[in-house]
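Being a predicted model, the structure only gives us computed values, none of them experimental.
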Amino acid sequence: MSAHAHGVLVLIATPIGDPNDLTPSARHELGRVDVLACEDTRRTRRLLAAVDITAPRLRSVRRENEASAVPWVLRQLEAGLRVGLVSDAGLPGISDPGQRLVAGVRAAGGEVRVAAGRSAVSEVVARLPWVDAGFVMEGFPPRSGAARGRVIEAIARRALPTVLFESPRRVEATLRDLADACGPDRRAVIAKELTKTHERIILGTLRSPIGGPRGEYVLVVDGAVTTTGR
């Protein structure tokens, strides 16, 4: 990247549910960027309208086209533009598109900044008394095949608690697979609709009823019992 370029890529956290959770720094950046790369432009337009921010030029950047969007972002930065990146909810790059753009900009010598916000992970983990020794963030598990089996088995053996994300379409199957691997009585937390009107946090086990799939899920699976009797 040219030494004369002054553009910057800004990863902007959007609310995980309640639009009022948009942070002042994120609001400032959304009103400042020249162009905004979005996972879903329609969803981003609704958010900007809800918080009374005039939408800049938007471009769809999803997981499917993220790699091909890297040259486009670099051209914007070469032109001295400020490029924002948002996902549908939360911070880009954390189980959402963003890592390839960051890698491409960093490799070209460009600047990357972050305007942070609320996190689904911290929202759940902060409420639990049994993650004081740390935890492992697994993100969305593979949907099928050997890769899924390896992840589920690793969670079953792991001493530290594991945090996962899951969609409403697959959460029941994932809980069944985890119960088969870990045992149905493994301690777990099932959180859905975080920060929304119908937020629900279920503290129980992997066989606790979830009350019907709705919204995105955060699962926290306790670690395997060790010889020290944790």
Side-chain angles (χ1 to χ4, degrees), residues 13-18 21 39-40 43 62-64 87-99 117-230:
T14 53
I16 60 176
D18 186 347
D21 288 336
E39 191 173 2
D40 184 330
R43 186 163 181 168
R62 310 176 309 280
R63 195 174 304 280
E64 295 79 7
S87 59
D88 286 347
L91 187 64
I94 309 298
S95 294
D96 279 329
Q99 290 185 346
R118 293 180 77 167
S119 161
V121 176
S122 59
E123 282 287 320
V124 177
V125 169
R127 308 181 198 208
L128 305 181
W130 38 268
V131 293
D132 57 308
F135 62 91
V136 175
M137 173 59 187
E138 195 69 62
F140 285 94
R143 298 184 182 185
S144 61
R148 180 179 177 87
R150 287 193 294 270
V151 167
I152 297 293
E153 189 57 36
I155 294 169
R157 296 194 307 267
R158 186 173 291 143
L160 289 174
T162 301
V163 180
L164 304 96
F165 294 151
E166 194 49 284
S167 75
R169 296 185 301 277
R170 293 185 292 275
V171 64
E172 290 177 328
T174 294
L175 287 169
R176 285 195 300 269
D177 289 347
L178 288 167
D180 289 343
C182 303
D185 295 321
R186 177 75 68 89
R187 187 163 52 176
V189 173
I190 304 163
K192 60 180 177 178
E193 297 286 277
L194 286 170
T195 77
K196 300 178 183 178
T197 302
H198 300 289
E199 175 182 282
R200 189 178 181 198
I201 310 292
I202 304 166
L203 288 81
T205 69
L206 288 169
R207 61 179 176 181
S208 296
I210 63 175
R214 177 175 181 167
E216 295 292 334
Y217 281 77
V218 181
L219 311 177
V220 185
V221 183
D222 199 4
V225 175
T226 66
T227 56
T228 58
R230 184 174 62 80

- Can you name the closest pair of heavy atoms from P168 and E216 and give their distance? CD-OE2, 4.3 Å

- Task: Determine yes or no for a side-chain-to-main-chain donor-acceptor pair under 3.5 angstrom, with R170 supplying the side chain and P141 the backbone.
- Result: no

- Message: With heavy-atom distances below 4.5 Å as the criterion, would you say the side chains of F135 and T162 are in contact?
- Response: no

- Query: Could you give the distance from CD (E193) to CD1 (I16), rounded to the nearest 0.5 Å?
  - Reply: 11.0 Å

- Query: Less than 4.5 Å apart, any side-chain heavy atom of L203 and any of L128?
  - Reply: yes

- Do D96 and D88 have side chains that get closer than 4.5 Å, going by heavy atoms? no

- Message: Are V121 and I94 packed together at the side-chain level, in the sense that at least one heavy-atom pair is separated by less than 4.5 angstrom?
- Response: no

- Taking every non-hydrogen atom, the tightest pair across G211 and R200: CA-NH1, 3.6 Å

- State, to 0.1 Å, how close A224 and A156 come at their nearest heavy-atom pair, and which atoms those are. CB-O, 3.6 Å

- Stepwise side chain to side chain contact (heavy atoms under 4.5 Å, CB included) test for I201 and L194: CA-CA 8 Å; I201 310 292; L194 286 170; 3.5 Å; yes

- Query: Should we say atom CZ of R143 is surrounded by more than 12 heavy atoms from elsewhere, each under 6.0 Å from it?
  - Reply: no

- Task: Specify the closest pair of heavy atoms between P161 and D222, including all atoms of both residues, with the distance to one decimal.
- Result: CG-OD1, 3.8 Å

- Query: Are the charged groups of R118 and D18 less than 4.0 angstrom apart, N to O?
  - Reply: no

- Item | Test log, rule side chain to side chain contact (heavy atoms under 4.5 Å, CB included), inputs V189 and W130 | CA-CA 11 Å; V189 173; W130 38 268; 3.7 Å; yes

- Does a side-chain heavy-atom distance below 4.5 Å link P15 with T195? no

- Are more than 12 heavy atoms from other residues, nucleotides or ligands located less than 6.0 Å from atom CD of E153? yes

- Query: Heavy atoms, side chains only, cut-off 4.5 Å: are L175 and I190 in contact?
  - Reply: yes

- Any donor-acceptor pair under 3.5 Å from R158 side chain to G223 backbone: no

- Please report the shortest heavy-atom distance between I202 and S208, naming the atom on each side. CG2-CB, 4.0 Å

- Message: Between L178 and R186, does the side chain to side chain contact (heavy atoms under 4.5 Å, CB included) criterion hold? Intermediate values first, please.
- Response: CA-CA 9 Å; L178 288 167; R186 177 75 68 89; over 6 Å; no

- At what distance, to the nearest 0.5 angstrom, does CD1 of I155 lie from SG of C182? 7.0 Å

- Task: Measure the OH-CD distance between Y217 and E172 for me, rounded to the nearest 0.5 Å.
- Result: 7.5 Å

- Would you say the side chain of V151 lies within less than 4.5 Å of the side chain of P142, judging by non-hydrogen atoms? yes

- Nearest atoms (heavy-atom pairs only) where S87 meets T14: O-OG1, 3.4 Å

- Main-chain N/O of I210 paired to K192 side chain as donor or acceptor, under 3.5 Å: yes

- Query: Any side-chain heavy atom of V124 within less than 4.5 Å of one from V163?
  - Reply: no

- Rounding to 0.5 Å, atoms CZ (R63) and OG (S95) come to a distance of 7.5 Å

- Step by step, would you call L219 with V171 a side chain to side chain contact (heavy atoms under 4.5 Å, CB included)? CA-CA 9 Å; L219 311 177; V171 64; 4.2 Å; yes

